[in-house]
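Presented below is the structure to which this report refers.
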Amino acid sequence: MPELAEVLYFSRRWDAGMGRVVVAVHANTKSRVFRGCNIAALKSGLAGARLKASRTHGKQVLFEFSGGHWLAVHLGMTGALSANPEPYEPCKHDHLVRHTKSLALVFTDPRQFGALKVCEEKTPPAWWKILPPQPMDDTFAPERVAEILQRHARQPLKTLLLDQRYFPGIGNWMADEIMWQMKLPPHIAAGSLAAKQALKLWRTLRKVCDVAVKTIGVDWRNPPRSWLFSHRWKRVNDCPRCGAKLRHENLRGRTACWCPACQKSIMTY
DNA sequence: CATCATGTTATAAT
DNA sequence: CATTATAACATGAT
């Protein structure tokens with residue numbers, strides 16, 4: 001489920017355990033989520049440690065523990081973080097459970113596309129410090145959007161929006177939402193946007209991210225009913241703007257949900 | 001039983 | 001070389 005706002009929401013579930021000492025660590029070592037992760041280091045690093053801080057960047061979460069231990073979490077397609085009262089018995093797809101005296105912090109992920117990694121340093125790991133700016137960051141300039149559009153001119157715009165190198169945290173529903181708010185079809189070539197449209201894309205990116213963070217990110221509340229968001233997964237789904245039937249089609253391996261009636265290419269205006 | 005799913009990455013093809 | 005396209009990963013829901 002997680003895109004930037006959902007990731008923020010989940011990171012805050014674990015914040016409930018801030019300051020508590022980890023008394024036991026349960027890890028389902030066979031799970032794919034530990035690929036590339038030193039499990040022994042994870043267990044020894046977290047045991048006895050206290051959660052000091054958490055932060056997110058795009059779809060990444062970074063937890064800081066006492067003693068210079070860091071745990072990075074990516075939630076993949078179906079990952080989730082939760083805090084549960086003790087005693088807590090691990091469920092089927094719980095891959096990591098950090099037990100404290102009163103609260104169990106759990107990472108669960110049925111499809112195991114998520115990933116965990118640990119490191120021991122004074123400051124956040126090097127790879128964290130060089131993550132590209134998020135769309136709602138002040139350092140994310142409109143010129144950056146224009147450059148990206150130029151560089152990947154032949155890429156469908158919706159597909160380009162999913163590229164984490166440029167738009168960290170944007171996922172399938174946010175990309176569709178942005179295309180819908182832009183009134184552009186998902187397959188329009190990135191390079192076909194005029195300067196004015198590129199600026200509008202920058203604004204739309206910021207707005208969708210800002211509002212998602214303030215709603216989903218806070219308490220899982222839905223974004224405005226006027227958005228595509230609340231309609232795209234319904235059994236019968238019509239465009240909340242014009243009432244036309246929404247279309248679902250595969251674009252580069254992902255489902256694009258859009259309104260053929262009001263998402264027209266620029267040339268038709 | 002077949003298809004699909006709010007993601008990433010290795011590898012192939014332009 | 002730079003960019004774009006596809007398959008694979010593991011499990012559950014429809």
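Just so you know, these numbers come straight off a predicted model, no measurement behind them.
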Item checked: Pair W128(A)-E121(A), side-chain donor/acceptor within less than 3.5 Å -> no
Check: In whole angstroms, how far is the C1' atom of dA5(C) from the NE2 atom of H187(A)?
Finding: 17 Å
Report each atom pair, protein N/O against N/O of nucleotides 9-14 of chain B, whose distance is under 3.5 angstrom.
none

Next item on the list: For the residue pair N222(A) and S230(A), confirm or rule out a side-chain donor-acceptor distance under 3.5 Å.
Entry: no
Item checked: Base-pairing assignment for dT6(C) (Watson-Crick or G-U wobble, both under 3.5 Å) -> dA10(B)
Item checked: Interatomic distance where CG belongs to L116(A) and C1' belongs to dT8(B) [whole Å] -> 15 Å
Next item on the list: Identify the two heavy atoms, one from S11(A) and one from F63(A), that lie closest to each other, and give their separation to 0.1 Å.
Entry: O-CE2, 4.0 Å
Check: From the list dT3(C), dT8(B), dA5(C), which nucleotide is the closest neighbour of the side chain of R151(A)?
Finding: dT3(C)
Next item on the list: In whole angstrom, give the distance that lies between atom CG of D163(A) and atom C1' of dT3(C).
Entry: 11 Å
Next item on the list: Rounded to the nearest 0.5 Å, what's the gap from CD1 on I216(A) to CE on M174(A)? Could you check?
Entry: 7.0 Å
Note to self: For a quick test of reading the model: is some side-chain N or O of R254(A) closer than 4.0 Å to OP1 or OP2 of dA5(B)?
What the structure shows: no
Next item on the list: Figure out the CG/P separation between N172(A) and dT8(B), and round it to whole Å.
Entry: 11 Å
Checklist line | Contact pattern, 5' to 3', of nucleotides 6-14 of chain C - B, S or - by protein heavy atom under 4.0 Å | finding: ---BBBS-S
Item checked: Centroid-centroid distance, W233(A) to F229(A), less than 6.0 Å -> yes
Next item on the list: Send over the distance from M77(A) CE to dT8(B) P, rounded to a whole Å.
Entry: 9 Å
Check: Where along residues 54-62 of chain A does a heavy atom fall under 4.0 Å from DNA chain C?
Finding: none
Item checked: d(CG, L251(A); P, dT4(C)) in whole Å -> 13 Å
Note to self: With no hydrogens and no angle check, just 3.5 Å: does a side-chain donor-acceptor pair link N84(A) and S82(A)?
What the structure shows: yes
Next item on the list: Treating Ile, Leu, Val, Met, Phe, Trp and Tyr as nodes and any side-chain heavy-atom pair under 4.5 angstrom as an edge, say whether V33(A) and V61(A) lie in one connected cluster.
Entry: yes
Check: Any side-chain N or O of Q164(A) under 4.0 Å from OP1/OP2 of dT8(B)?
Finding: yes
Notebook entry, point to check: Can you tell me how far P of dC4(B) sits from CG of N250(A), to the nearest Å?
Noted result: 8 Å
Checklist line | Pairwise P distance, dT11(B) and dA10(C) [rounded to whole Å] | finding: 16 Å
Next item on the list: Verify whether one side chain among N172(A) and K158(A) offers a donor that lies under 3.5 Å from an acceptor in the other.
Entry: yes
Check: Between K129(A) and T123(A), does any side-chain donor sit less than 3.5 Å from a side-chain acceptor?
Finding: yes
Next item on the list: Would you kindly give the CE-to-P distance between M174(A) and dG7(B), to the nearest whole Å?
Entry: 11 Å
Next item on the list: Side chain of H152(A) only, please: which of dT3(C), dT8(B), dC4(B) is the nearest?
Entry: dT3(C)
Next item on the list: Could you check whether E6(A) gets within reach of a base, just the sugar-phosphate, or nothing at all, counting any heavy atom under 4.0 Å?
Entry: base
Check: Among side-chain atoms of D94(A) and Y88(A), is any donor-acceptor pair under 3.5 angstrom?
Finding: yes
Next item on the list: Output yes when a side-chain donor or acceptor of E6(A) lies under 3.5 Å from a complementary backbone atom of E3(A), and no otherwise.
Entry: yes
Checklist line | Donor + acceptor pair across side chains of H248(A), T255(A) (<3.5 Å) | finding: no
